Amino acid sequence: MSKVILEMEEVTIRFGGLTAVDSVSMKIEEGTIRALIGPNGAGKSTIFNLITGIYPPTSGNIRFRGTPINGLKPHLITEMGIARTFQNIRLFGELTVLDNVKIGQHCRTKTGWIGALIRGPRVNREEKEITEASMEALRLMELDHKADELAKNLPYGEQRRLEIARAMASQPKLILLDEPAAGMNPQEKQTLMSMIRKIQDKGLTIFLVEHDMKFVMNLSDRIVVLDYGRKIAAGSPAEIQKNPAVIAAYLGKEVG
Amino acid sequence: GGGGTENKQAEGEKAAADGGDTIKIGFLGAKTGGHAAYGVETLKGMKMAVEDINNAGGILGKKLEIVEEDHGSKLSEGTTVTQKLITRDKVVAIVGDPTTGITKAAAPIAQQNKVVLISAGAVSTGVVEIGDYIFRDVLVDAVGGPAVTKYLKEKLGWQKVVIVTSSNLDYSVGLTKIFEDAIAANGIEVLERVTYSEGDQNFSAQVTKIKDKNPDGIIFTGYYTEGGLFMKEARKQGVTAPMVGGDGLLSDVLMKMGGEAVEGSMVYCGFAADEARAGEKTKKFIEAYKAGNNGALPDMFSAQGYDAVMLLADAMKAANSDDPVKFRDELAKTKDWSGVSGTITFQENREPIKSPVYLLEVKDGKFQIKDTVDVI
Amino acid sequence: MMLEIQDLHVSYGAIRALKGVSCHVEQGEIVALIGANGAGKTTTLRTISGLIRPQSGAIIYKGQDITKLPPHQIVNLGLSQVPEGRRVFTRMTVLENLEMGAYVRNDKANIKQDIKKVFERFPRLEERKGQLAGTLSGGEQQMLAMGRALMSKPTLMLLDEPSMGLAPMLVQEIFNIIKEINQSGTTILLVEQNAHMALSIANRAYVLETGEVVLSGDAQDLANDPQVKKAYLGE
Amino acid sequence: MDSIFSMFLNDYYIQVLIMLGIYLIAALGLNIITGVTGQLSFGHAAFLSIGAYTAAILGMKLQVPFILALLGGGLMAALLGVLIGYPTLRLTGDYLGIATLGFGEIVRVVFINIPITGGALGLAGIPRHTTLTLVIILVALTIFAMYRLENSRFGRSLVAIREDEIAAEAMGVNITTTKITAFAIGTFFAGLSGGLYAHLIQYLNPADFGFIKSFEFLTFVVLGGLGSIPGVILGTTVLTLAPEFLRFIADYRMMVYGGLMVFMMIVRPRGLLGGVKLSRILFKKKSQKTGSSVTGGAN
Amino acid sequence: MLSQQILNGITLGATYALIALGYTMVYGIIQLINFAHGEIYMVGAFVGVLAVTVFQQGLVASLLMAMLTCVILGVSIERIAYRPLRRSTRLAPLISAIGVSIFLQTLMTKLQGPQPVPFPPVITDALYKIGPIEVSKVQILIMVVASLLMAALTFIVKYVKIGKAMRAASEDYDTAALMGINVNRVISFTFAIGSSLAAAGGVLVGIYFNSVSPFMGVTAGLKAFCAAVLGGIGSIPGAMLGGLFLGVAETLGVAGGFDTYKDAIAFSLLIIVLLFRPTGLLGRPIQRKV
Ligand SMILES: Nc1ncnc2c1ncn2[C@@H]1O[C@H](COP(=O)(O)OP(=O)(O)OP(=O)(O)O)[C@@H](O)[C@H]1O
Ligand SMILES: Nc1ncnc2c1ncn2[C@@H]1O[C@H](COP(=O)(O)OP(=O)(O)OP(=O)(O)O)[C@@H](O)[C@H]1O
Ligand SMILES: CC(C)C[C@H](N)C(=O)O
Ligand SMILES: [Mg+2]
Ligand SMILES: [Mg+2]
């Protein structure tokens, strides 16, 4: 059994009267691909928002590699090694593809405004490293040929990939992907799957929300199912596909 | 820019030498923006003076010419305009600005370039101190204020007053200070001090505050628009005390804005178009002004604008030169000079003594001369 | 013929998104428009609705040239759209969003009835009816966008990826709904990444590639076309 | 150097050029706040006045050498920028704008009321130290600094904040400190510009630093092209010189000026040089495909 | 005395509220701080003066004339100066608005001089004594008109179809158009209402304060805008509340001896309120959902 990288303990969040996430607990092991599925509005994106510090939980604990992170500001959480993509794409539209990815490395680099003004050899070196590492991340997502385009002008599928590249640039240990395959055709989904595998091969842990069952079942090691904010099932893809509660609430029929 | 000065001077002399048949005088003032009314009047007076001089053959065999420039009532633009008048248009003297604020901003430039600046309206403190090329031909508040205060106490028997100040208007703040000192010196009591800001239209809170104090009078140091509106509100709330103020109140707009409410208000200033008592010169001026302005009477700014140009012309004649370095000295020597706006003497520090102080009172919707107060 | 598109050219600045697209939709049909990312599907729909002005080409709806009409007039002719990316009114409630869908209608009583119908189809929306649409989950917003378009009772409905972000059960449901409204008389032009599903309910289909129609024909035939299978069905 | 200038230019032009330089420094400062970081500031003139008064008082009352007084003015403006920025920068969009506008008006009223600034009477007798040479040097330094800031890790984080705060935060950008740093830098340059202004005009009056002046700077930046250094330079130049060039139409000058603002905005909605980057001009990189969006929703 | 001062404050506040309503409307729909709004208010006041003096009209007719003129003016301004910029950066129309405002101000100075003019008496003002307080007819008029307009506006925006269309358009022009909404018409309508409110405000304020000047729109506009933000911009009751709050606070500030800081009171309050309620008193909090 490998180490636990992320642990959620009885995590709850309420919006007014609505309990969007209801005492959810789970542990994700390092190096695995974990999927989170469930009907629309089950609270999947909200769990991502809780982990990345967009919302503080109403109650419960979240630990990343043993350190509690609930209530921390998002930028500190990123610094600790968690990166994410957004269900509704949030790229820096007026920036080039390359610059988008460069910002991903923000938390791994140091130069402040003073460094920018003086621009000594250390700064130049760092800037070179940033560019190289960014191109590397772009190559991984097969976007290097678009480095100089403005992010807003990319087609949808490429924007999704750029989001992943940008997240990768922060050299995370854990990456959260919120519906990465949405809006892609089957062909593109295939490509994306192999890219995600490559990311796993680099030693990263992947936590994934996705509605495409073929995609989820093929890719994940373990799956957690959410309904109305509650965890209703957890297990391997094979187990989940047969789970009657999951079929009733989510799948509609067995998939495979 | 130390090195540039010689150069400039050389240029200036050259211009004066081969400028040949004209002597240029700059007009610094607003033709647009909030202070446009003063600027426009000043300019009218100046133009009349220039016409009179030129009709009489000019000075030193040359014609006088006005270079007019609008700064839109903006301080920083005022300095740019001053700079332009001096260095591009090569004027030998500037008349303006009619307000204290912009005069203070423009004066250092005139001083550094050794060009005479004579304000036809700035009455507040701290103007001529800027340098020996800076003059004004007005009744300064430091003279007028105390004289009027004394009059209020002795002739009208005022014991207690309230003071109203425009807190963001340099002129008003300056005048209030002068009044405060004079009031203390005359043993009058200040019941309340209230302030407002330029452009305010609502004075209900201030008036409610003084309403029950029952003052003998209201010392109002701001401009006429607010003065009229203030009195309107005061009368509405049942305050019966009259208002007294400086040249800031001197405009027909006061009556337009205040109507009935400003009846009995008093204003002191260095000039009034007093056709009955005016001397020969003044009468001629008033007639000429009326002819050119559909029968309207000149105000302090037009009269002082006229006098400013005349003072300059006389100084040039006396110096037999249109070089400001030379005629400045003659201007500084001006003594008992009689102009259309009164008699002027420049003291040692170039601060003018102008006598008498006209105390005007609003009667039947018009400024009428209530009294004259001698200051010397 | 309900809708006919003739040689449509559209550019975004220097980018040429459509390079002469022609296609048509017959009364009562479901026509699918499939193609890779960036092929120009969304651009086609937005141009039909009048949101984008084409460089050249014509759009004929029921014999009338609507190429130059402003969008709101096109809607008034009975042509409505579920836009890509949901575009719900985030600062309005779920209920108000649905009411906006019925903006062109004046039959108040029936509108109430139709809102009820939408809620029956998407019970989740009824649970959330007072909530601001901006705080709905992605899938809930998608349901809302669909419900909103239904509210206008269109003659021709343009759907831009209506199944995106929906849970599997709902994907099924959405396609059922599309079939249903088609049977009740609404003609449908459907853009879908889920080509499999789209082709299974469509009568005919067009395949778009970098701004050009490269294939067209009977939906069933296309679903069996080896080229299409490889490129769009992932088989 | 200055004597060389005055051989070719008369003092009026020199004055106009100095003024232009002073405005350029302030506008470039605002550009980093509003253009690059996307934080609306309607109170820039207040920071100018803080710098102006500080520099003037340091020089006149404490006999601090001119250059140090200038620096002091800049630092004081930056300090107040941080103090006001800390609580307000968490406001978004127009709310931030209006809060800064309010701050600007408060500063003006305070300057009217405290004795050390001479209140409404103004502060006169400031020595004239500002020269064209000095202004040219400082403008060049400002442009250089802005260019370097923009093309750096720090600069990218500023743009990221402008484009999407949530995403920027998720990339590890500390929104609060980064915004405040940008604000401090921008207000520093405003303060510096104010110090130069004080030692040019030689007389300060709070009335000169109202919100109208703040909007003037905003206009320079937006009309030139938000976030574009060459744009801001062009915008400031055009708009500072326009009133001077329009003098010939006398009374209609400001009317035409207002109309011109509308006209230029309509003709170039992204600003005169919107999207033009100094680095691209300097290095003639392959030009970017900006593909202006034909539509694109309201948000 | 205090109650009298509070009444003074409420009347002043009602004038702020009148102008603030227009600001909030336009902002609510196109998210534009329409800095020319203060100038529309100023033009409205002058038209009112013109109607009374030159055309010898009474209060109601003058009010209507001013409102009509300003509707035309406001709608044309939107057409010319804002519509072409609808899809560019948010700041572009703001600058355009400043341009319009400079233009109108100087135009008015040119047409009628920089001096303020008094508003001719169209109604005979009377004072009513209620206990220790004195209320004038004009004060009552202002408060009544402001309340009526607020009620009418609330009704339009909440319950009338075009009101809903306004809200939809305010979020997303394209999607609103896809609902069949004529976005241009909706926006013109918004400007029409906003401008007519400004005109009504101009005439009433002119009557109450008895003066009309080309520069009256500047401070009044700014204060009113503050009031709108204070109340929660986009919210109609918010504009009303913000206006009254500001008016009373300023008046009490003067009464309490802070008159030299009067102009800072509004802004200090504004900043304090924004720090605790970042979207104003009645503004909806911004929801963060990603
Ligand atoms: N800020 C908020 N205020 C109120 N309700 C919210 C808020 N954020 C989320 N919700 C509600 O919480 C529930 C969970 O939303 P969430 O976005 O996590 O769903 P999800 O599982 O990601 O769904 P989907 O698959 O459709 O994206 C939804 O019903 C949503 O309406
Ligand atoms: N606003 C825009 N500005 C510039 N280019 C654009 C814009 N919108 C789309 N494009 C470009 O036009 C082309 C067609 O885009 P469109 O959105 O129509 O494709 P699509 O087929 O709908 O793709 P997807 O499946 O990703 O939704 C693409 O190359 C895209 O990058
Ligand atoms: C216009 C005048 C009332 C100005 C006043 N005399 C001053 O010195 O500022
Ligand atoms: Mg989600
Ligand atoms: Mg699309």
Side-chain angles (χ1 to χ4, degrees), chain D residues 34 40 42 84 87-88 90-99 101-110 112-113 166-167 170 211-212 215-216 218-219 221-223 226 251-271 274 293-299, chain E residues 27 30-31 33 35 77 80-81 84-107 109-110 169-176 218 222 225-226 229-230 233 260-271 274-275 278-280 283 286 288 290:
Chain D
T34 303
L40 210 48
F42 292 165
I84 176 74
T88 51
R90 62 196 189 87
L91 297 171
T92 49
D94 300 333
Y95 286 95
L96 175 65
I98 201 72
L101 187 151
F103 171 74
E105 287 301 281
I106 292 171
V107 167
R108 190 178 58 81
V109 173
V110 168
I112 287 175
N113 281 290
I166 291 178
F211 66 94
I212 303 215
F215 283 123
E216 255 173 57
L218 195 66
T219 308
V221 173
V222 178
L223 239 164
L226 278 166
D251 297 5
Y252 295 93
R253 185 167 65 114
M254 289 317 283
M255 227 151 91
V256 172
Y257 180 75
L260 206 65
M261 269 168 75
V262 177
F263 178 76
M264 288 201 281
M265 212 64 253
I266 291 173
V267 177
R268 309 257 335 155
R270 285 168 50 104
S293 54
V294 178
T295 54
N299 317 329
Chain E
Y27 187 90
I30 59 169
Q31 247 88 113
I33 304 177
F35 275 112
I77 291 175
I80 297 165
L85 298 173
R86 218 178 265 168
R87 293 182 192 277
S88 43
T89 112
R90 296 268 326 278
L91 285 176
L94 188 84
I95 299 305
S96 190
I98 295 173
V100 170
S101 138
I102 294 177
F103 179 85
L104 286 178
Q105 239 176 64
T106 31
L107 177 72
T109 319
K110 196 75 214 137
S170 79
E171 274 205 35
D172 184 338
Y173 300 135
D174 281 348
T175 313
V218 182
L222 198 63
F225 179 63
C226 275
V229 176
L230 192 67
I233 192 147
T260 51
Y261 283 93
K262 175 171 63 71
D263 291 330
I265 292 173
F267 296 104
S268 311
L269 271 176
L270 181 81
I271 292 178
L274 284 186
L275 290 183
T279 52
I286 299 166
R288 205 151 112 131
V290 297

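Each chain gets a letter, A, B and so on, in the order the sequences are listed, and its residues count up from 1. Since the structure is predicted, the reported quantities are computational estimates derived from the model, not experimental observations.
- Your options are D:Leu101, D:Leu260, D:Leu223, and the one with the most heavy-atom pairs under 4.5 Å with chain E is D:Leu101.
- Both the backbone and the side chain of E:Leu274 come within less than 4.5 Å of a heavy atom in chain D.
- Using a 4.5 Å cut-off between heavy atoms, E:Leu94 contacts chain D through its side chain alone, with no backbone atom that close.
- D:Thr219 contributes atom OG1, which lies 4.5 Å from atom CD1 of E:Ile98 (distance to the nearest 0.5 angstrom).
- Nearest approach of D:Pro269 to E:Ala92, heavy atoms of both residues: O-CB, 3.7 Å.
- For D:Met261, the part sitting under 4.5 Å from any heavy atom of chain E is the side chain, from C-beta outward, and nothing else.
- Most heavy-atom pairs under 4.5 Å with chain D, from the set E:Ile233, E:Asp263, E:Leu104, E:Val100: that is E:Ile233.
- Chosen from D:Phe263, D:Tyr257, D:Phe215, the residue pairing most often with chain E at heavy-atom distances under 4.5 Å is D:Phe215.
- Heavy-atom distances place no part of E:Ile265 under 4.5 Å from chain D, backbone and side chain included.
- The heavy-atom pair separating E:Phe103 from D:Met255 by the smallest distance is CD1-O, 3.2 Å.
- With rounding to the nearest 0.5 angstrom, the CD1 atom of D:Ile112 is 10.0 Å from the OH atom of E:Tyr261.
- For the atom pair CZ (E:Phe35) and CZ (D:Phe42), the distance works out to 5.0 Å, reported to the nearest 0.5 Å.
- When E:Thr89, E:Ile271, E:Val218 are compared by the number of non-hydrogen pairs under 4.5 Å with chain D, E:Ile271 comes out ahead.
- Per-residue counts of heavy-atom pairs under 4.5 Å with chain E were compared for D:Ile84, D:Val262, D:Thr34; the largest is that of D:Val262.
- Only the side chain of D:Leu40 comes within less than 4.5 Å of a heavy atom of chain E; its backbone N, CA, C and O stay farther away.
- Between D:Pro87 and E:Leu275 the shortest heavy-atom distance is O-CD2, 3.4 Å.
- Residue D:Leu91 touches chain E through its side chain alone, counting heavy-atom pairs closer than 4.5 Å.
- In this structure, the side chain of D:Asp94 does not engage the main chain of E:Ile33 through any donor-acceptor pair within 3.5 Å.
- In this structure, the portions of D:Val110 lying under 4.5 Å from any heavy atom of chain E include both its backbone and its side chain.
- For a residue to count as touching a neighbouring chain, one of its non-hydrogen atoms must lie under 4.5 Å from one of that chain's; by this rule D:Arg268 does not touch chain E.
- Residue E:Ile80 comes nearest to D:Ile266 through the heavy atom pair O-CD1, 2.9 Å, listed as atom of the first residue, atom of the second, then distance.
- Residue D:Ile212 holds its CD1 atom at 7.5 Å from OG of E:Ser101, rounded to the nearest 0.5 Å.
- Only the side chain of E:Leu270 comes within contact range of chain D, with heavy atoms under 4.5 Å apart.
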